[in-house]
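Presented below is the structure to which this report refers.
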2 protein chains.
Amino acid sequence: MTRVTGARERARTEIAESIKAEARRQLADAGAARLSLRAVARELGMVSSALYRYYPSRDDLLTALIIDAYDAVGSAAERAVAAAPAADPVVRWTAACHAVRRWALAHPHEYALIYGSPVPGYAAPEATTGPASRVARALIGVAEEAADSGLLAPAPFESADVLRDAEQLVRRLGMRLHPAAMARLTAAWAQLFGLVGFEVFGQFHDVVHAREEFFDRAAADLGRGIGLRSPAA
Amino acid sequence: MTRVTGARERARTEIAESIKAEARRQLADAGAARLSLRAVARELGMVSSALYRYYPSRDDLLTALIIDAYDAVGSAAERAVAAAPAADPVVRWTAACHAVRRWALAHPHEYALIYGSPVPGYAAPEATTGPASRVARALIGVAEEAADSGLLAPAPFESADVLRDAEQLVRRLGMRLHPAAMARLTAAWAQLFGLVGFEVFGQFHDVVHAREEFFDRAAADLGRGIGLRSPAA
DNA sequence: GTCTATAGCCAGATAGAC
DNA sequence: GTCTATCTGGCTATAGAC
């Protein structure tokens with residue numbers, strides 16, 4: 001009995017996965033706002049009503065795609081940090097930034113789904129917030145390790161309100177970075193996605209050609225801007 | 001004859017403007033990807049085919065909206081710079097940043113149209129590039145004036161490729177900023193829109209509450225990061 | 001320049017047979 | 001769980017009368 005259920009569950013999961021895969025493909029043609037259950041079903045040789053057994057509505061399919069995308073870019077950042085040399089926080093930071101950029105350039109439509117314009121009429125449910133914070137967590141982790149090694153310059157004064165936000169945030173994420181450093185990091189986090197977004201969305205067209213070099217420099221500056229220091233040789 | 005033509009032209013322009021105004025209103029409900037000529041026509045009490053006399057296709061209407069949006073945010077930035085005290089480049093820079101942010105928060109859907117996810121199937125024509133550069137020009141102007149007053153710290157070394165891009169860009173815009181400074185400014189320009197975009201698109205939800213203060217601090221840091229200096233008291 | 005009418009599509013969602 | 005069929009809407013774009 002368990003085995004049969006198991007097989008069924010497996011088949012169900014596989015179909016659900018292939019639906020998401022096809023939907024991801026179609027994000028490129030239609031964008032999130034025009035993602036169509038019918039078109040996905042058509043392409044899979046299913047009939048549209050059959051899809052509703054897997055995703056009760058278009059928004060639920062969107063939510064699944066969003067969670068997957070956040071997880072993908074988050075895990076790319078985490079892996080980049082883990083693979084970078086432990087000794088140099090600036091290098092670790094830059095590695096995380098490059099991982100985000102690489103993932104975004106490789107998956108521009110999924111990037112648009114999570115960091116681009118909100119989809120009209122769609123409100124992201126709570127379930128997306130965890131995955132959405134993975135990149136930030138990876139960056140915070142780099143800063144925390146730097147602080148542990150004495151390689152994080154003390155952050156300058158911030159206003160009480162800004163500090164309160166930062167403190168709340170650190171607590172909610174279960175991390176331990178100093179609030180003033182967290183405030184600066186929050187700004188750098190947003191700025192990182194400014195660099196990535198402009199490249200992915202085409203604002204650098206005819207403006208920046210040496211993009212990898214440009215980004216590398218800007219990302220390192222961002223890291224140093226939040227106080228990360230390389231160890232003395 | 002001229003007068004009659006003039007009146008006709010005026011009526012035509014007025015109708016074209018009201019079409020754009022209604023389309024802007026509908027961007028909020030539908031987003032750029034689902035903007036519908038029919039819905040616009042309906043709301044104006046016209047029939048859809050009548051709209052084609054003013055905008056030969058949906059994309060042409062989109063282009064008109066995009067140009068207007070770039071012009072609006074660009075002129076907001078220009079006016080902010082003009083209104084800021086001439087003596088302090090950091091203050092002038094920050095004023096431009098706040099103007100961009102204010103415009104974006106007041107017109108989130110138009111912001112999404114120009115700085116958000118590309119509209120699938122739509123390619124912006126050349127005519128948009130001029131208006132699109134107005135914000136950047138305003139920021140560059142601040143840096144140039146700072147340099148004139150000796151209030152722009154020399155930019156550090158950049159790679160040859162990055163410098164070449166920056167030089168080309170300055171030339172194409174008909175400006176005169178030093179290429180190394182331009183390279184830094186390009187990064188700051190993208191980062192500014194990272195801050196603004198995250199706020200407008202909801203990434204700061206439950207993350208940053210003291211948003212104006214947070215932004216003010218980050219924008220000033222950005223300006224100082226590209227080398228702007230306040231005059232000695 | 002606006003109208004009616006039409007072609008030729010598309011969508012999300014549900015009912016009910018099998 | 002998949003199917004057919006259907007409801008109820010939507011769309012861009014064009015033809016041709018007025």
Side-chain angles (χ1 to χ4, degrees), chain A residues 1 4-20 22-66 113 119-123 125, chain B residues 1 3-20 22-23 25-66 113 119-123 125:
Chain A
M1 185 67 179
V4 172
T5 309
R8 269 189 197 157
E9 288 288 311
R10 244 191 328 276
R12 209 190 138 71
T13 307
E14 262 169 40
I15 297 181
E17 283 299 319
S18 68
I19 289 170
K20 283 194 292 184
E22 179 56 34
R24 265 189 293 273
R25 237 164 279 141
Q26 299 203 5
L27 276 184
D29 301 331
R34 311 188 70 156
L35 180 66
S36 145
L37 287 187
R38 288 181 95 100
V40 170
R42 217 171 17 241
E43 210 61 30
L44 290 174
M46 302 169 79
V47 85
S48 66
S49 56
L51 271 194
Y52 286 84
R53 300 280 166 185
Y54 298 91
Y55 298 98
S57 76
R58 205 194 69 119
D59 284 5
D60 291 283
L61 176 54
L62 263 190
T63 297
L65 294 177
I66 287 170
L113 177 65
V119 182
Y122 172 84
Chain B
M1 187 65 180
R3 200 173 299 172
V4 172
T5 308
R8 269 189 198 157
E9 288 288 310
R10 244 192 327 278
R12 211 191 135 71
T13 307
E14 261 168 40
I15 297 180
E17 282 301 319
S18 69
I19 290 170
K20 283 195 292 185
E22 180 56 35
R25 235 163 280 141
Q26 298 202 5
L27 276 183
D29 301 330
R34 310 189 72 155
L35 180 65
S36 145
L37 288 187
R38 284 183 98 97
V40 171
R42 216 171 18 241
E43 210 60 33
L44 290 173
M46 301 168 79
V47 85
S48 66
S49 55
L51 270 194
Y52 286 83
R53 300 278 167 188
Y54 299 90
Y55 298 98
S57 77
R58 204 195 70 119
D59 284 4
D60 291 282
L61 176 54
L62 263 190
T63 297
L65 294 177
I66 288 171
L113 177 65
V119 181
Y122 173 84

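Chain identifiers are assigned alphabetically (A, B, ...) following the order of the sequence lines, protein sequences preceding nucleic acid strands; residue numbering begins at 1 within each chain.
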* Tell me, please, the opening and closing nucleotides of DNA chain D, 5' to 3', among those with an atom under 4.0 angstrom from a non-hydrogen atom of chain A. => D/dG1 to D/dT4

* Asked: What is the distance, rounded to the nearest whole Å, between atom CZ of B/R58 and atom P of C/dC10?
  -> 17 Å

* Structure fact -> Between CZ of A/R53 and C1' of C/dA13 the distance, given in whole Å, is 13 Å

Taking side chain to side chain contact (heavy atoms under 4.5 Å, CB included) as the definition, give me every residue that meets it alongside [X], ordered by chain and number, with sequence neighbours left out.
{"X": "A/T63", "result": "A/I67, A/Y122, A/P125, A/T128"}
{"X": "B/A16", "result": "B/Y54, B/Y55"}
{"X": "B/S57", "result": "B/D59, B/D60"}

* To do: Please work out if A/Y55 contacts a base, only the sugar-phosphate, or nothing of the nucleic acid, heavy-atom cut-off 4.0 Å.
  => nothing

* If you look at every strand shown and take non-hydrogen atoms under 4.0 Å, does B/L61 touch a base, only sugar-phosphate, or nothing? -> nothing

* Only pairs at least two apart or in different chains count here, so list each side chain to side chain donor-acceptor pair (under 3.5 Å) that has a residue in residues 23-34 of chain A. => A/E22-A/R25, A/E22-A/Q26, A/R24-A/D68

* Quick one: list whatever passes salt bridge (charged side-chain N to carboxylate O under 4.0 Å, His left out) with A/E43, sequence neighbours left out. => none

* Would a 4.5 Å heavy-atom cut-off, applied to side chains only, mark A/V119 and A/L35 as touching? -> no

* Out of curiosity, B/I15 CD1 to B/M46 CE, how far, rounded to the nearest 0.5 Å? -> 6.0 Å

* To do: Would you give the length of the straight line joining atom CG of A/L44 to atom CD1 of A/I19, rounded to the nearest 0.5 angstrom?
  => 6.5 Å

* To do: Heavy atoms only: give me the nearest A/A23-A/L61 pair and the separation to one decimal.
  => CB-CD2, 4.0 Å

* In residues 26-39 of chain B, what residues come within less than 4.0 Å of DNA chain C, judged by heavy atoms? -> none

* Taking DNA chain C as the partner, which of residues 41-51 of chain A come within under 4.0 angstrom of it by heavy atom? -> A/R42, A/S49

* Step by step, would you call B/E17 with B/K20 a salt bridge (charged side-chain N to carboxylate O under 4.0 Å, His left out)? -> CA-CA 5 Å; B/E17 282 301 319; B/K20 283 195 292 185; 3.1 Å; yes

